[in-house]
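Within every chain, numbering begins at 1; the chains are lettered A, B, ... in the order of the sequence lines, protein sequences first and strands thereafter.
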Amino acid sequence: MAQKPSIPKGTRDFSPAEMTNRNYIFDTVKGVFRLFGFQSIETPAMENLSTLMGKYGEEGDKLLFKILNSGDFAAAPSDQELLERNSIHLTNKISEKGLRYDLTVPFARFVVQYRNDISFPFKRYQIQPVWRADRPQKGRYREFYQCDVDIVGSDSLLNEMELVQIVDQVFAKLKINTVVKINNRKILAGIAEVIGEKDRIVDITVAIDKLDKIGLEKVNEELLEKGIPQTAVEKLQPILNLSGSVSEKLAQLEKVIGHSETGEKGIFEMRTLFAYLDNLELTTEVELDLTLARGLNYYTGAIFEVKAKDAVMGSICGGGRYDDLTGNFGMPGVSGVGISFGADRIYDVLTQLNLFPAATADSTKLMFVNFGPAEEAFCLPVLAAVRKAGINAEIFPDKSKMSKQMTWANHKKIPFVAIVGENEMAQGKINLKNMLSGEQQLVNPQELIKILSV
RNA sequence: GUGGUUGUAGCUCAGCUGGUUAGAGCACUGGAUUGUGGUUCCAGGGGUCGUGGGUUCAAAUCCCAUCAUCCACCCCA
């Protein structure tokens, strides 16, 4: 096969048709964000590695795309360092920038950097691509768009409530049935504390996160494998078996971890949030899921994850509260909470469920057939008038065979074609063809605009 | 990082246990219809069978390697 050009693994091109659908998602999301008082910002694709490293856990650091330093990067490391072949040390010498892994950490950096210009609480949204050096598979890309909304500088649980409302409204508009799973890192920390394995919180949460996927027995196996003592695993069992309503679950949980200060605080936060949510009219299902963990290191309070009920797909939306992210950049004591919509997974879900709207309001409505210079001269003023009336219109740029021009209009799904030749010009009229019905009618320019305006 | 799947025309794929000029549908180009697309009919162009090596009289087909791909695990949007 002849060599074909290609793009890197896990990246994609977007055709005009795909962009129409992607813009439908972005426009929907933006509309809801603005409705709740969020403002847009953008940050660069690349950040200093010092900004990104250490914020996402060990796994996250591995998945960062690093950018090779410009110039003679091979001169920087010493012979000794080159011989060591230690990738981590070497990376520090030859790369100081990386592509952003998410939008939350760059946002925290932004907040600290412009703290004097920002009036808190600061509510921003940001829709940009992020990059992860993951192995691509279904619903997983190396370049994908996140749509983030965050509030920073307020620890009110009203923010958590509004984020759930935003999720609810976005997916209601997109007509995706969803379930919002909510948990709290403080509860997870409380659990780890109570079973006497405070330092193993990551291993414990990662294991119990798999409860509905691999079942209780396998979770216990994994916990033991990771070196959690039998006694601790036993203490965990009542928590893994919790059932009932949200308040029932929380009451049972309180008996077990209530004497942990952190755990109690987590329970209080969840009670408050669910009390708020009870008073809202939500379309989406909301549940307290004590097995929800989420890998990102920086979460400290509520955590969210949203799944589409009718589609096979990982979470399409996720987020949570982070109390000290800005502290990493030298601005302690500022709490933030936010959520991120995965535009590409939402796209895949909408495709799976065939939920994209058929109407394409942004495409061409009228095309003028081109018969040559004389006809052009007649059509161009009419075309200008049509555009002035706000109607998307164009003229075929070349004088080619009519069937070619018609085929082109057809492929572009243009609903009306204006055919103007000698006969029409003699009458000062336009032959307007409806491409759906095939009907044609002779009209003057004013009538043309009137017909197309409806 | 670990395991598996698949690589044949622009796209989606067929090609049985190795056998002569490698096929189909869609797409494309031309014609039937020199001012009419979407339907129909006819004709045409387009393929180092991912790459490299091996077995064989003979390889798209069997073996090895390699690259790419998709899927699953890990982790995550």
Side-chain angles (χ1 to χ4, degrees), chain A residues 1-10 15 25 29 56-64 87 101-104 127-148 167 202-203 205-207 209-210 213-214 218 222 226 292-297 299 303-308 312-320 338-349 367 369-372 375 396 399-425 431-440:
Chain A
M1 201 189 300
Q3 256 193 351
K4 271 184 296 184
S6 64
I7 55 176
K9 198 199 303 204
S15 68
I25 296 172
V29 165
Y56 308 107
E58 220 174 290
E59 281 295 324
D61 282 355
K62 271 192 229 161
L63 298 181
L64 283 171
S87 301
Y101 178 92
D102 72 357
L103 299 177
T104 308
I127 298 178
Q128 290 192 274
V130 303
W131 294 268
R132 296 183 189 178
D134 229 347
R135 210 166 266 201
Q137 52 185 274
K138 195 183 181 71
R140 175 176 303 190
Y141 307 99
R142 294 182 127 181
E143 177 185 66
F144 60 98
Y145 274 71
Q146 292 196 323
C147 314
D148 270 39
V167 167
V202 174
D203 284 340
T205 53
V206 165
D209 187 45
K210 292 174 192 160
K213 216 172 178 181
I214 62 176
K218 295 257 178 189
E222 183 167 333
K226 289 198 170 163
L292 174 63
R294 295 191 57 75
L296 293 183
N297 260 3
Y299 293 121
I303 45 183
F304 306 99
E305 193 162 289
V306 182
K307 287 204 152 199
V312 187
M313 181 60 64
S315 58
I316 52 178
C317 189
I339 197 157
S340 175
F341 292 76
D344 305 82
R345 285 190 176 177
I346 293 171
Y347 183 99
D348 292 347
V349 168
M367 185 198 84
V369 171
N370 191 330
F371 283 131
E375 289 84 354
F396 197 85
K399 177 196 175 225
S400 34
K401 284 197 336 185
M402 187 156 174
S403 66
K404 162 137 179 99
Q405 300 191 39
M406 295 297 284
T407 306
W408 191 82
N410 205 45
H411 283 173
K412 221 176 154 184
K413 295 196 170 72
I414 297 174
F416 292 97
V417 169
I419 302 162
V420 181
E422 279 177 31
N423 303 339
E424 288 83 2
M425 285 199 296
N431 190 353
L432 180 66
K433 178 173 177 115
N434 181 325
M435 292 296 277
L436 268 184
S437 65
E439 285 166 20
Q440 298 185 198

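The separation of B/G53 from B/A27, taken at their C1' atoms, amounts to 37 Å, rounded to a whole angstrom. Atom C1' of B/A72 sits at a distance of 10 Å from the matching atom of B/U5, rounded to the whole Å. For the C1' atom pair drawn from B/G1 and B/C75, the interatomic distance equals 11 Å after rounding to whole Å. For the C1' atom pair drawn from B/G7 and B/A60, the interatomic distance equals 11 Å after rounding to whole Å.
Nearest heavy atoms, A/Ser400 versus A/Gln405: O-NE2, 2.8 Å.
Among the nucleotides B/U36, B/A77, B/G37, the one closest to the side chain of A/Asp134 is B/A77. The side chain of A/Glu424 lies closest to B/G35 when the candidates are B/A77, B/C74, B/G35.
In this model, the phosphate group of B/C74 is approached by a side-chain N or O of A/Lys210 to a distance below 4.0 Å at OP1 or OP2. Proximity of A/Lys226 to the phosphate of B/C74: no side-chain N or O atom is located under 4.0 Å from OP1 or OP2. Using a 4.0 Å cut-off, some side-chain N or O of A/Gln137 falls inside it from OP1 or OP2 of B/A72.
A side-chain donor-acceptor contact under 3.5 Å links A/Arg142 to the backbone of A/Asp134.
Between the CG atom of A/Asn423 and the C1' atom of B/U36 there is a distance of 14 Å, given to the nearest Å. Atom-to-atom, CZ of A/Arg135 to C1' of B/A77 comes out at 19 Å; the value is rounded to the nearest Å. Protein atom CG of A/Asp209 is 11 Å distant from nucleotide atom P of B/A77, rounded to whole Å. Taking atom NZ of residue A/Lys413 and atom P of nucleotide B/G38, one finds them 14 Å apart after rounding to whole Å. Atom NZ of A/Lys138 and atom C1' of B/C70 are 10 Å apart (whole Å). In this structure, A/Met425 places its CE atom 14 Å from P of B/G35, rounding to the nearest Å. Look at CD on A/Glu59: it is 12 Å from C1' on B/U2, rounded to the nearest Å.
When both pairing distances are held under 3.5 Å, B/C26 makes a Watson-Crick or G-U pair with B/G10.
If you check distances only, the side chain of A/Gln440 does reach the base of B/U36 with a donor-acceptor pair under 3.5 Å. For A/Asn410 and B/G37, a side-chain-to-base donor-acceptor distance below 3.5 Å is present, hydrogens and geometry of angles not being considered.
Nearest-nucleotide mapping onto RNA chain B: of A/His411 and A/Ser437, the residue sitting toward the 5' end is A/His411. With RNA chain B read from its 5' end, the first of the two nearest nucleotides for A/Lys404 and A/Met435 is the one closest to A/Lys404.
Stacking here means ring centres nearer than 5.5 Å and ring planes tilted less than 30 degrees, and by that measure A/Phe341 does not stack onto B/A77.
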A/Lys218 and A/Glu222: CA distance, side-chain angles, deciding distance, salt bridge (Lys or Arg N to Asp or Glu O under 4.0 Å) verdict: CA-CA 6 Å; A/Lys218 295 257 178 189; A/Glu222 183 167 333; over 6 Å; no

